[in-house]
Amino acid sequence: MTRRKLLYTFFGVPPLAYPCYWEPRWLEVTHRRVRLRGLSPRMPIRVLHLADLHASVFVPLSMIDHAITLGLATRPDLICVTGDFITIREGFQAPDYAHLLRRLSSAAPTYAVLGNHDGGTWSGNHLGFSDHRVVDRILHDAGIELLHNRSVPFRAHGAALTLAGVGDLWNREVSGERAFSGIAAGAPVVLLAHNPDTKDHLAGWRWDLMLSGHTHGGQVIVPFEGPRYAPVVDKRYIAGLKPWGTRWIHVTRGVGNVGGVRFRCRPEVSVLTLS
């Protein structure tokens, strides 16, 4: 029996239906706990971490809407979206997208950073926008606060955090000097950076947990080989929660995809409990 006949026999679908249709839409909600200095288990902060929404012909707004519904059902105190809201110039309607994303900011304080596809020098050379004015406007209209090389204080349940965000690494917009300027000592610092490789550029600044996306978790995991798509230098940080010295890095597998394919790497809605 050929592989094609085997797939038809056991799944009743063409061979490409699973990686091209089923798995890219099979969202998984994951829960992880992170212990941060200065926070108490009695006053945890629940963070919804989304990334790589990638609105496009392959990721319609209905898929993103479903991810938002799953995420909001966890009742987050804080929502962080770490970039790649779009893929290229086409495949989304900005007003409709902003209206959809407003569901996030209407439920909890929502902060974001930009990804390599959201506009800039890299994006402009890869069928995207040469600047991020379009995505800036979408986020503004959605009520989402953009942390583009800046920081803000955050409080929930009597606990305090500092949120810092930086521009995208591939678009050469990372500025630690601006992002960490004026951060007071004491409260733990949660850093939003689209690309986990950004950690090496910000090692000299004080942060405790970095939230990233960009990798899509590898997107296609080949048996006996590993991730086929992992556009990072440091392959240790492709997915999940992992230590980096005394700090933590969380890389979500993301909601969307590029090219419409996922295999053995389900899209992810991540929930972190900080305590």
Side-chain angles (χ1 to χ4, degrees), residues 26-53 63-85 100-113 115 139 142-147 151-166 183-184 186-194 196 206-215 217 237 239-244 246-256 266-275:
W26 189 16
L27 281 156
E28 180 181 10
V29 180
T30 59
H31 295 264
R32 299 178 176 94
R33 181 175 291 272
V34 188
R35 298 299 301 270
L36 297 181
R37 59 176 182 79
L39 297 185
S40 168
R42 297 180 180 179
M43 297 182 292
I45 298 175
R46 183 175 297 158
V47 181
L48 172 59
H49 179 198
L50 301 173
D52 301 293
L53 304 182
M63 284 178 58
I64 298 172
D65 186 43
H66 179 48
I68 290 174
T69 297
L70 292 176
L72 295 184
T74 67
R75 303 174 64 88
D77 303 304
L78 168 66
I79 301 171
C80 296
V81 190
T82 52
D84 274 1
F85 288 87
L100 172 59
L101 293 176
R102 183 165 282 278
R103 293 187 60 202
L104 296 172
S105 61
S106 297
T110 305
Y111 300 88
V113 292
L139 297 181
I144 296 175
E145 188 166 351
L146 179 61
L147 298 181
S151 64
V152 294
F154 176 81
R155 296 188 66 88
H157 310 307
L161 293 174
T162 296
L163 301 176
V166 293
I183 290 183
V189 177
V190 176
L191 170 63
L192 280 61
H194 176 66
R206 183 178 68 84
W207 51 270
D208 301 276
L209 167 67
M210 185 167 77
L211 305 181
S212 297
H214 183 62
T215 66
Y237 300 95
L241 177 67
K242 296 180 180 179
W244 187 55
T246 59
R247 317 185 208 197
W248 290 98
I249 297 175
H250 181 258
V251 183
T252 181
R253 297 193 301 269
V255 170
R266 290 169 60 186
E268 181 177 29
V269 171
S270 302
V271 181
L272 302 177
T273 299
L274 311 184
S275 63

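All values reported here derive from a predicted model rather than from experimental measurement.
- Under the 3.5 Å distance criterion, with hydrogens and angles disregarded, a donor-acceptor pair is assigned to the side chains of Thr82 and His49.
- Side-chain atoms of Ser105 come within 3.5 Å of backbone N or O of Ala142 as a donor-acceptor pair.
- Looking at Phe154 and Val190, their side chains never come closer than 4.5 Å, going by heavy atoms from C-beta outward.
- Between Ser275 and Leu39, the closest heavy-atom pair is C-CB, 3.5 Å.
- Residues Thr215 and Thr252 come closest through the heavy atom pair OG1-O, 4.4 Å.
- A donor-acceptor contact shorter than 3.5 Å is absent between the side chain of Ser212 and the backbone of Val251.
- The shortest heavy-atom contact between Gly158 and Arg155 is O-NH2, 3.1 Å.
- Note that CE of Met210 and NE2 of His194 are 11.5 Å apart. Values are rounded to the nearest 0.5 Å.
- Here Phe85 contributes atom CZ and Leu101 contributes atom CG; the two are 6.5 Å apart, rounded to the nearest 0.5 Å.
- Between Trp207 and Trp244, the angle of the ring planes stays under 30°, which puts this pair in the parallel group of the 30/60° scheme.
- No side-chain donor-acceptor contact under 3.5 Å links Arg253 to the backbone of Glu268.
- In this structure, the side chain of Asp52 engages the main chain of His214 through a donor-acceptor pair within 3.5 Å.
- With rounding to the nearest 0.5 Å, the separation of CG in Asp84 from CG in Leu50 is 13.0 Å.
- Here the CZ atom belonging to Arg32 is positioned 11.5 Å from the OG1 atom belonging to Thr273, to the nearest 0.5 angstrom.
- Between Val255 and Met63, the closest side-chain pair of non-hydrogen atoms is not below 4.5 Å.
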inquiry  = Applying side chain to side chain contact (heavy atoms under 4.5 Å, CB included) to Leu48 and Val269, what does each step give before you reach the verdict?
reply    = CA-CA 8 Å; Leu48 172 59; Val269 171; 3.6 Å; yes
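- What you find for Leu161 and Leu274 is that their closest heavy atoms are CD1-CD1, 4.0 Å.
- Rounding to the nearest 0.5 angstrom, the gap separating the CG atom in Leu272 from the OG1 atom in Thr30 is 7.5 Å.
- The neighbour count for Arg206 CZ, taken as heavy atoms of other residues, nucleotides or ligands under 6.0 Å away, is above 12.
- Here the shortest heavy-atom pairing between Gly213 and Pro196 reads O-CD, 3.6 Å.
- Within a 6.0 Å radius of CZ in Arg42, other residues, nucleotides and ligands contribute 12 heavy atoms or fewer.
- Contact check for Val47 versus Cys80: side-chain heavy atoms found under the 4.5 Å cut-off.
- Listed here is the closest heavy atom pair of Ile183 and Ala164: CD1-CB, 4.3 Å.
- Rounding to the nearest 0.5 Å gives a distance of 4.5 Å between CG of Leu104 and CD1 of Ile79.
- Using modelled atom types, no side-chain atom of Arg247 and backbone atom of Asp208 make a donor-acceptor pair closer than 3.5 Å.
- Judged by distance alone, the side chain of Tyr237 and the main-chain N or O of His250 form no donor-acceptor pair under 3.5 Å.
- A side-chain donor from one of Arg103 and Thr69 sits under 3.5 Å from a side-chain acceptor of the other.
- With Thr110 contributing its side chain and Ala108 its backbone, the two residues share a donor-acceptor pair below 3.5 Å.
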